[in-house]
Amino acid sequence: MLHNSPLSHEFQSGLSDTEEARAKESAGYLARRDLFASGVESEHIEHKSHRTVMRESAERISLSKRVSGDPSPNEEYHKRLNEDSLMHIPEFVIKPRSHTVWEKQCVRLHCTISGWPEPRVVWYKNNVSIDPMATPEKYKVESSYSVHSLEINKCDFDDTAQYRVSAMNSKGETSAFASVVVKRFKGEIDEFLPSPRLRKYFTPCLEYGVTFETHLVEKFGVSFGREGETLSFGCSVIIYPSLQRFQPEIEWYRDDKLLVPSKWVQMHWSGDRATLTLSHLNKEDEGLYTLRVITKSGFETHSAYVFVRDADAEVAGAPGAPLDVHSLDANKDYVIVTWKQPAVDGGSPILGYFVDRCEVGMTHWAQCNDTPVKFARFPVTGLVEGRSYVFRVRAVNKAGMSHPSRVSEPVAAMDPADRTRKGPSAPWTGQIIVTEEEPVEGVVPGRPCDLSVIEATKNYVVLSWKPPGEKGHEGVMYYVEKCVSGTDSWQRVNTEIPVKSPRFALFDLAEGKSYRFRVRCCNSAGVGEPSEPTEATTVGDKLDIPSAPGRVVPTRNTDTSVVVSWEASRDAKELVGYYIESNIAGSNTWEPCNNKPVKGTRFICHGLTTDESYVFRVRAVNAAGISEFSQESEAIKVKAAITNVSERVEGGGQNTDHKGHPTASNEGKQGKRASQREPEPACGQETTKQVANSSTELLKPNCIQKESATELPDSHKSSVNSSPEQEKAGERERGRRGSASPTPPYGITVLECVRDSMVLAWKQPTFIGGADITGYFVDYREVIGGVPGKWHEANIKSVSERAYRVSKLKENMLYQFQVRAANMAGVGIPSLPSETFKCEEWTIAVPGPPHDLQVQEVRKDSLVLLWKPPVYQGRDPVNGYYIDIKEAEADFEMWRGVNEKYCKVFFLNMGESYVFRVRAQNKAGVGKASDSTEPVEAVTKPGTAEIVVNVDDDGVISLNFECSNLTADSKFVWSKNYVEMTEPERMTLETKGSKSKAIFKTPSEEDLGIYSCFVTHTDGASASYTLSEESEFIDLFHFYIHDHKFPIIPLKTELAVELLEKGRVRFWLQAEKISANGKAEYVFNDNVVHQGEKYKMNFDKNTGIIEMFMESLGKEDEGTFTFQLQDGKATNQSSLVLIGDVFKQLQKESEFQKKEWIRKQGPHFVEYLGYEVTPECCVRLKCKVANMKKDSVALWYNLMPYLMNQVFSVIANSSTPLKIQSTEEGIRLYTFVTFAAFVSSADTGNRLILMFFIDRARVAGGLPDVVTIQEGKCLNLTCNIWGEPIPEVTWLKNEREMVSNDHYILKFESGKFASFTITSVSTSDSGKYSILVKNKYGTESGDFTVSVFIPDEEPGKKK
């Protein structure tokens, strides 16, 4: 044993000779102990003693033969006796070779092995042993005359693996490896489709060529439960065709993790319905549940979220229970327990948590900490090595204690290295041979490497390292040493027994002190040199509480749910997730939306009240605690979104899993800003000018518009110090990654400057993140002596314009600025710092520069330029503008003016790139030029469309524009004379899909002008059309007159098809209006069809609905169906093509619906035949039948022989071991049977029941196992008796029957209660007592022991 005195190790460095000797002895003992399992220790001792006896006997015989002088027989006998010379380790004569096979082929691995004793051979697949008895249809293992083989039947893709064959005998173990690669025929199976895993209970379909169709009906939806309740939900499953021998594979998932049956989760499959039951709900059960039904033809899934609310607290105001309690690290003398904080704190902060432990198999819970801990991790010490424990956690605040959490999974207090060895390994032969060989001299192990502190709190420090390269011939163990920083006094921590695993936790360290640590290796040869010490580590909590999440943005989803997005907490470490809370606007009652932390920055909050307005806030969680709340979101009214909200949200950069549930968070750097509210007023107006090539001329500012809420993306813009090509490449990369937040704005300029404020302008980001930019945030910092200071926020509320006045600046100081863009997914990263600007008042007379230049309607020879007027106008108002143009690659001196007004000039060179700038003028002169635009190439892009004028039947004139490259967030923006028409009085704007139209209400001369339309979130899609008095209106009216000669019947819906009950097929369309004279013809493949047995027609002229019905579809019905309409001169027609896969799918669905309807016309099984055992010990066979009628009869066929055999088998197996009793009549052999059975049947409505009643005699309870009583007292015991008919009761003492008398009073009352009374107990009454109950169905006994003691004599009396 090792020395236990702390004085010998705690305060000295180095190792003494005595200590090294003891360490060698201890390490050698542990190494020998670890070599063999504890289960064969007795066998080891037995073999060793037997071997010793054999050797002693052999030595005596050898000595006697030497004395007799006959050496040759002695040597021969000694050789034969020494069997060790014949034994040898297994060797591979022929090793298995690798194979590459096609799917569905068989493969056989061969090897030949020699060795004595005959080795035991085991095959492994990826280091997991293969059990041929468990899967006989898959694997076959054979061994014959040292030739061993493994046959794999019908290989599939999952059989691709590395296979190992292990041979072991008492001399040692050896292995050989071979690989099997299974190839798949190209095109046979889609490799991108997930393939279901085969289970033991999955019965493959034997019918060749059968394709199954799976339909999930009566699906479960979003569910709400409360802790402690039981929740069940499921889906009905319809599989066609229905085969009696085939059952699908049913799998349930929670948050993409496969569920297995447990005491908390029960799964049921009735044959046509899959049900999941969650017993005793807990918050760990909250999550996204998915049902997957797998057949040989594929699988179908359905998912819905389950929310679990906290149970009512025992004390008002107490917090909710913690959740997800589990073991983070376990060793032989400690377990580190971790948990998650609850969402509900009861209205007051949580003061901390108490951790309780309970030994497995016991019911007593012991509190582990005397004071509450705030950190959500706690080391539990004082455990008994080798025993298993479970843990639970309780939260406490000033109001009281919460309910305990759900108990953790059991964890054993043992060294991790021992726990690892209990995993899969090569089998042990069970034969142990001890030889007397000379011991091999051991090698002292080397230094451990890569020692580091992987976790440090104020309660413990966890070390981790890697084993040394030189280990010797046996395993190594470790000593851990510590010293206070600044000293060289090393103290050993684990003084008694070294640890085996390269991981160790240290406790009882002084908080606030700094320590260094090192590790030594040891084995039977000695203790090695120490490792390199760690850096100084200060004891304390290194993990900080996360910062509050950023801006929260709610989005409409359904009538009872809202999608909430937020910015991630900045610099959060070991983040567990987020809690979301909701509050009805105007109230102060916050309710949790989730009780289990969610990862990511997007969550769907369900269970809200329709048409109520809600605000939301979010908190972040890690082990250190819960963060402060984020700022409250804007109020949102709960109602279904008009547009596809989920698609818009996904476009914002949020990732989802294959079931559509959000799984990923916004990874961009987020700004810590408040939620957006009312945007600030526009700081300018927008002026437009089309570019022409002529002499310079002053332009009047008569083309003005306010900036629209949705800006036109400009793909040609670039960041400061970045080329346009780099920005485009970055934009493509960000689009590929699915970034949600916008890229930085760029091009920051000053538009106006006074003594204490400056007006800034900037350009829109090149990539807006897939959603509209909702605003901008501006930061500024002072620059003193060329050294920048700290950044400060200029605006708390976001601004929608790309210009902002920064106030409260210092006069004559130098400043730098940066800008961030925000969308619904969050705030993007800031722009590069601007140039340094001096805050001094401008006194110049000329205007400042225009800003926000935009380019539209780019064609090969013209374009349209838009800008906003200068903020600083000088001494006089601006009275005109100059537009300058030059080629992108030309020198600065090549700027030249253009002046044409609202005119497209075809003198731009096609393919040439140009840049533009604008200068404003007032009476004092021409001001500073604006920043130039990005280079614009004069080219008409493919797919560019122009505005088309159209006149309908009623003479309504409209302008139509179509865009082929729309995105999910694209919008059509119409303008007149380049001023946006937000709510035009004289026009109606309509947009459907990729088309938009502007309809004139009452056309007149007031409508003359230039109409333009551009599409947001595209690459500059835009066009314009000029309506003039000279040509357009005359041409339009001529077009209207011509078109009336050929009128068309308008249709509300085109020809469509749908399935009805019984599999009937309905073709229909609806006309907007049709008179009583309207006619319709039905055409199939250019042939007119008429009313008859196959076709049924209906024409409702009031509603305009035209229908045709078919009872079923045959192969001859594949083709084109057409409805032709005529109403006076007006005509129209609509066709529907049903060919190929579309027709086959419709035909299959029709046949399926028809068969289902026929099946449900008569009695049919809803629940198939099954059985259950009731608490009254009744075996009940039952099934459920639907559509039963009065004359329906239930018949049972040949059920009794099989069922009775099963019942009698259970009765026979319930018998006790055979007992022998000596009686006056002779020797009595008897046993007790737990069950007996009788049969009856019943018919209850639509449920047929077959019951087995079990009425044997039983001792229901009431007797103790042991009774200890003082001499002279009275003993009375009563127990309950059950049985029909009433059993006979017999009392026994020491296996002999008792008779009731004055001393022993035996009673049996009411056929239920048996009592036993000893009036005055004496020592002779000690012994074993039994009660025996018996009726014709069985016998049962109950035993107890009576122990009588004599009280101690009074003090002073002699014994």
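Predicted model only: the values in this text are computed from it and were never measured. Side chains are part of it too, since the values below use all heavy atoms of this structure and drop only hydrogens, waters and symmetry mates.
Side-chain N/O atoms of Ser1012 and Trp974 include no donor and acceptor closer than 3.5 Å. Using modelled atom types and a 3.5 Å distance limit, the side chains of Arg805 and Ser757 yield a donor-acceptor pair. In this model, a donor atom of one side chain and an acceptor atom of the other lie less than 3.5 Å apart for Asp779 and Gln818. With hydrogens and angles left out, the side-chain atoms of Gln631 and Arg551 include no donor and acceptor closer than 3.5 Å.
By the 4.5 Å heavy-atom criterion applied to side chains, Thr774 and Ser800 are not counted as neighbours. Using a 4.5 Å cut-off on side-chain heavy atoms (C-beta onward), Gln764 and Tyr776 make contact. At a threshold of 4.5 Å between non-hydrogen side-chain atoms, the residues Ile545 and Ile626 do not count as touching. With a 4.5 Å cut-off on side-chain heavy atoms, Ser994 and Cys963 do not count as touching. Side-chain contact between Ile883 and Trp867 is present, with heavy atoms from C-beta onward closer than 4.5 Å. Side-chain atoms of Val553 and Ser633, non-hydrogen and from C-beta on, never get closer than 4.5 Å to each other. When side chains are defined from C-beta on, Leu866 counts as touching Tyr978, because their heavy atoms get closer than 4.5 Å.
Using bins of under 30°, 30° to 60° and over 60° for the plane-to-plane angle, the ring pair His792/Tyr780 lands in the tilted bin.
When all heavy atoms are compared, the tightest approach of Pro877 to Asn922 is O-CB, 3.1 Å. When all heavy atoms of Ala803 and His851 are compared, the closest pair comes out as CB-NE2, 4.3 Å. Contact between Tyr614 and Ser582 at its shortest, heavy atoms only, is CD2-CB, 4.1 Å. The two residues Cys839 and Leu809 have their closest heavy-atom pair at SG-CB, 4.0 Å. The nearest pair of heavy atoms linking Pro850 to Val918 is CD-O, 3.4 Å.
Partner Tyr882 forms a side chain to side chain donor-acceptor pair (under 3.5 Å) with one of Arg917, Arg919, Gln921 and no other, that one being Gln921.
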Side chain to side chain contact (heavy atoms under 4.5 Å, CB included) between Phe777 and Val799, worked out
CA-CA 7 Å; Phe777 298 96; Val799 293; over 6 Å; no
Using the rule given for side chain to side chain contact (heavy atoms under 4.5 Å, CB included), can you reason through Arg820 versus Ile829, listing the C-alpha separation, both sets of side-chain angles and the distance that settles it, and then say yes or no?
CA-CA 6 Å; Arg820 305 169 190 254; Ile829 62 177; 5.8 Å; no
Where do Lys810 and Glu782 land on the salt bridge (Lys or Arg N to Asp or Glu O under 4.0 Å) test, with the steps shown first?
CA-CA 9 Å; Lys810 299 178 182 179; Glu782 295 180 355; 3.6 Å; yes
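The environment of Glu628 atom CD is sparse: at most 12 non-hydrogen atoms of other residues, nucleotides or ligands sit within 6.0 angstrom.
Under the 4.0 Å criterion applied to side-chain N and carboxylate O atoms, Glu801 and Lys868 are assigned as salt-bridge partners.
Phe616 and Trp566 have their aromatic ring centers separated by at least 6.0 angstrom.
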